[in-house]
2 protein chains.
Amino acid sequence: MRVTADDVAARAGVSRSAVSRAFTPGASIQPEKRAHIRAVADELGYRPNLMARGLTGGATGLIAVVVGTISNPYESWFLDVLSQQIRALGLWPLLVPVSPGQEIEPALDHALDYQVDGAVIAAGSVNRKLAERCSSRGAPIVVVGRVLEGGGADSVCCDNHAGMAMIAERLAATGRSRIGWIGGRDETFSNVERFKGLEAALAAQGLALVATRRGDYSVDSGMAQALAMLTGPERPDAIVCGNDAMAIGAISAARRLGIAVPGALAVAGFDDIPAAAWEPYSLTTVANPVARTVEEALRLLARRIAGEAGSPETIRIAPAFRQRASL
Amino acid sequence: MRVTADDVAARAGVSRSAVSRAFTPGASIQPEKRAHIRAVADELGYRPNLMARGLTGGATGLIAVVVGTISNPYESWFLDVLSQQIRALGLWPLLVPVSPGQEIEPALDHALDYQVDGAVIAAGSVNRKLAERCSSRGAPIVVVGRVLEGGGADSVCCDNHAGMAMIAERLAATGRSRIGWIGGRDETFSNVERFKGLEAALAAQGLALVATRRGDYSVDSGMAQALAMLTGPERPDAIVCGNDAMAIGAISAARRLGIAVPGALAVAGFDDIPAAAWEPYSLTTVANPVARTVEEALRLLARRIAGEAGSPETIRIAPAFRQRASL
DNA sequence: CCTGGTTTTGCAAGCGTGTGCAATCATGGT
DNA sequence: ACCATGATTGCACACGCTTGCAAAACCAGG
């Protein structure tokens with residue numbers, strides 16, 4: 001049924017090893033013979049079985065990609081760029097979706113059973129033990145969007161402090177004084193870091209938060225929390241959100257309440273997703289550079305896959321201020 | 001280095017076959033022995049190598065997922081649901097991203113080299129020959145979002161005609177008479193079908209298109225085309241777009257020109273992406289049910305994987321009208 | 001205690017490929 | 001014509017697992 005290297009060998013009148021070598025770059029084989037074998041292979045429709053190839057211990061070409069809520073604008077953007085770049089390297093992304101709050105360990109374990117060459121982890125929580133288990137099973141990992149505490153793996157992460165500093169500066173420059181914060185519900189790395197970063201940066205400007213609320217990174221939650229904040233006693237004159245989606249919700253809330261943006265209320269987000277630039281929002285935000293993040297992550301991962309040892313590296317990606325109309 | 005079935009067998013004092021059977025559901029093995037082997041396996045950290053398992057000709061558990069621009073809101077939503085449901089079936093999605101305009105054949109071919117059990121194709125163009133090649137290589141496919149002309153594979157597709165009929169009815173009921181259309185650039189299945197569907201449905205209402213333009217399914221292109229249309233001689237009093245993203249762009253264009261929506265201009269989209277419900281747009285659209293589409297696609301695929309023959313089936317998913325404020 | 005039937009078990013033969021090693025071949029210098 | 005050298009080639013084993021087959025172990029009935 002299936003065409004194997006044996007079939008090609010028989011048809012081309014060579015040994016099976018020759019067929020294998022004809023498909024192995026750099027193998028020792030006469031150029032004309034290689035051409036002949038490949039011609040015969042094409043004719044028969046032969047393609048090397050990657051399962052068998054992976055079995056011998058060589059690389060499988062598979063990269064596990066652990067990602068959270070794909071439909072989330074930032075995540076889908078990230079996944080888009082990441083999967084393209086993985087393909088550009090001649091590798092294949094094996095998708096490992098994890099729901100928020102779900103443990104990534106069992107899923108990742110199972111993915112490792114496919115002998116993936118490495119893993120990019122952009123969701124869930126990772127500890128040193130898990131990182132080491134992956135390495136010991138031959139799959140180096142790189143963590144994106146957070147920094148591994150124990151230092152068990154390379155990581156790439158936006159410089160959240162720097163981003164928040166830019167927002168705080170602009171808040172101070174435009175004379176805002178009653179700042180509100182809408183963050184995420186759980187204690188994820190970037191949620192915590194962005195919150196602390198904002199607090200510190202505000203303090204440096206002689207400002208402080210007058211209100212703090214928690215959403216779930218969705219537009220709806222941003223709107224609900226902003227509505228509550230704007231109709232409560234805190235009455236901020238600026239709202240900083242943990243991501244753009246919630247900021248978009250906050251702008252909608254202000255619009256519904258008849259509060260002018262940026263006149264009576266400034267709104268800032270984080271990430272610079274495409275929707276931030278859509279006209280009715282024109283959201284001032286901080287760009288979290290997806291392309292550079294992905295490039296660095298794959299560079300680090302490729303190094304490890306190539307066998308380079310050395311202590312884990314952390315790369316901070318510098319964000320960029322995107323001043324639009326909302327602040 | 002790596003823990004293999006041999007190691008477990010030696011430690012547990014049984015044969016390698018026994019270990020294999022302990023991990024094969026339904027295999028003939030004494031329950032207590034199975035428990036013991038699994039305990040030893042856990043202790044040693046043994047996990048079956050799926051590459052080796054796939055090599056013996058059995059299932060690999062891999063499903064190729066061919067998808068286009070992942071960052072596109074509808075596609076990312078679809079991918080989100082699809083990947084979750086694939087996992088729920090105990091299978092794994094192998095991502096095959098293809099850029100718009102790129103041939104899917106080489107990429108799909110390469111994915112087949114991983115001995116995937118099947119493929120869900122939601123991007124690019126597929127012909128009968130390609131479908132048959134996949135089947136003959138043991139990977140049945142299901143095509144989503146279009147119907148295969150030659151009938152070479154199962155397909156699941158939204159009933160675009162029905163959706164456009166709903167929009168046309170509402171246009172007639174609200175007295176719109178000068179209808180404009182903004183479609184996609186290329187002759188993709190759904191682009192053509194939505195256009196023809198709209199034309200037919202309008203005709204049934206005694207209406208006709210006064211303007212036709214082409215975007216690229218992005219918000220920006222929707223805005224650009226709508227601006228041109230609204231400042232040109234055609235002056236429509238309603239714009240129907242091939243998807244929600246372009247409709248969102250059209251609403252922004254109207255806002256920029258000071259044209260009231262829906263007062264002076266009605267706007268309708270297609271798909272009902274989350275952003276359609278965001279407050280400044282409140283886009284009237286047609287829901288393209290993602291969950292049902294995915295369910296049907298996987299049901300059909302599972303049938304084929306189970307070996308069921310029979311002529312290809314086409315399933316049309318009924319859309320639902322979502323009346324909001326823009327029409 | 002023997003017999004026929006049903007599990008359970010281990011052996012060994014694959015699955016399709018990569019690659020070390022030794023044998024073969026061609027080449028060129030003397 | 002002969003030998004040293006280096007490029008090609010084929011053999012055979014390894015990779016880790018599944019599974020058909022036959023032997024072994026078990027069970028119940030007589």
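Residue numbering restarts at 1 for every chain, and letters A, B, ... go by the order of the sequence lines.
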A/N49 has an atom CG; how far is it from atom P of D/dC17, in whole Å? 17 Å
Nearest-Å distance, CD1 (B/I29) to P (C/dT6)? 21 Å
Does a side-chain N or O of A/K33 approach OP1 or OP2 of D/dT8 to a distance below 4.0 Å, or not? no
For residues B/G145 and B/F189, report the shortest heavy-atom separation together with the two atoms involved. O-CD2, 3.8 Å
Distance check needed: C/dA13 P versus B/L55 CG, whole Å only. 17 Å
Decide yes or no, distance alone: a donor-acceptor N/O pair under 3.5 angstrom between the base of D/dG16 and the side-chain of B/R47. no
Does D/dG16 have OP1 or OP2 sitting under 4.0 Å from an N or O in the side chain of A/Y114? no
Indicate, yes or no, whether a donor-acceptor pair under 3.5 Å links the base of D/dC17 to the side chain of B/T4. no
Between the two ends of the helix from C/dC1-D/dG30 to C/dT30-D/dA1, what is the bend in degrees, rounded to 10 degrees, where each end axis spans five pairs? 40°
If you compare all heavy atoms of A/Q85 against all heavy atoms of A/A291, which two are closest, and at what distance to 0.1 Å? NE2-O, 4.0 Å
Report the C-alpha distance between A/R2 and A/D7 in whole Å, list the side-chain angles of each, state the deciding distance to 0.1 Å, and finish with yes or no for salt bridge (Lys or Arg N to Asp or Glu O under 4.0 Å). CA-CA 9 Å; A/R2 210 191 127 66; A/D7 303 329; over 6 Å; no
Rounded to whole angstroms, how far apart are CZ on A/R53 and P on D/dC15? 19 Å
Closest approach of A/I70 to A/S76 (non-hydrogen atoms, all atoms of both residues): O-CB, 3.1 Å
So, for B/Y217 and B/Y74, is the gap between ring centers shorter than 6.0 Å? no
Measure from CZ on B/R16 to C1' on C/dT8 and round the result to the nearest Å. 18 Å
Rounded to whole Å, please give me the gap between CG in A/L50 and C1' in C/dG18. 13 Å
Spacing between A/R21 atom CZ and D/dT9 atom P, to the nearest angstrom: 8 Å
Rounding to a whole Å, what distance do you find between B/M51:CE and C/dC15:C1'? 14 Å
Indicate whether OP1 or OP2 belonging to D/dG10 is found under 4.0 Å from a side-chain N or O atom of A/S15. yes
Would you mind reporting whether B/V143 and B/D154 have side-chain heavy atoms less than 4.5 Å apart? no
By nearest-nucleotide position on DNA chain D, the 5'-leaning member of A/Q30 and B/D6 is A/Q30
Could you report the tightest heavy-atom contact between A/H110 and B/R47, atom names first, then the distance? N-NH1, 3.4 Å
Regarding A/F23, tell me which of base, sugar-phosphate or nothing describes its non-hydrogen contacts under 4.0 Å with the strands shown. nothing
Counting only side-chain N and O atoms of A/S20, is one of them less than 4.0 Å from OP1 or OP2 of C/dG18? yes
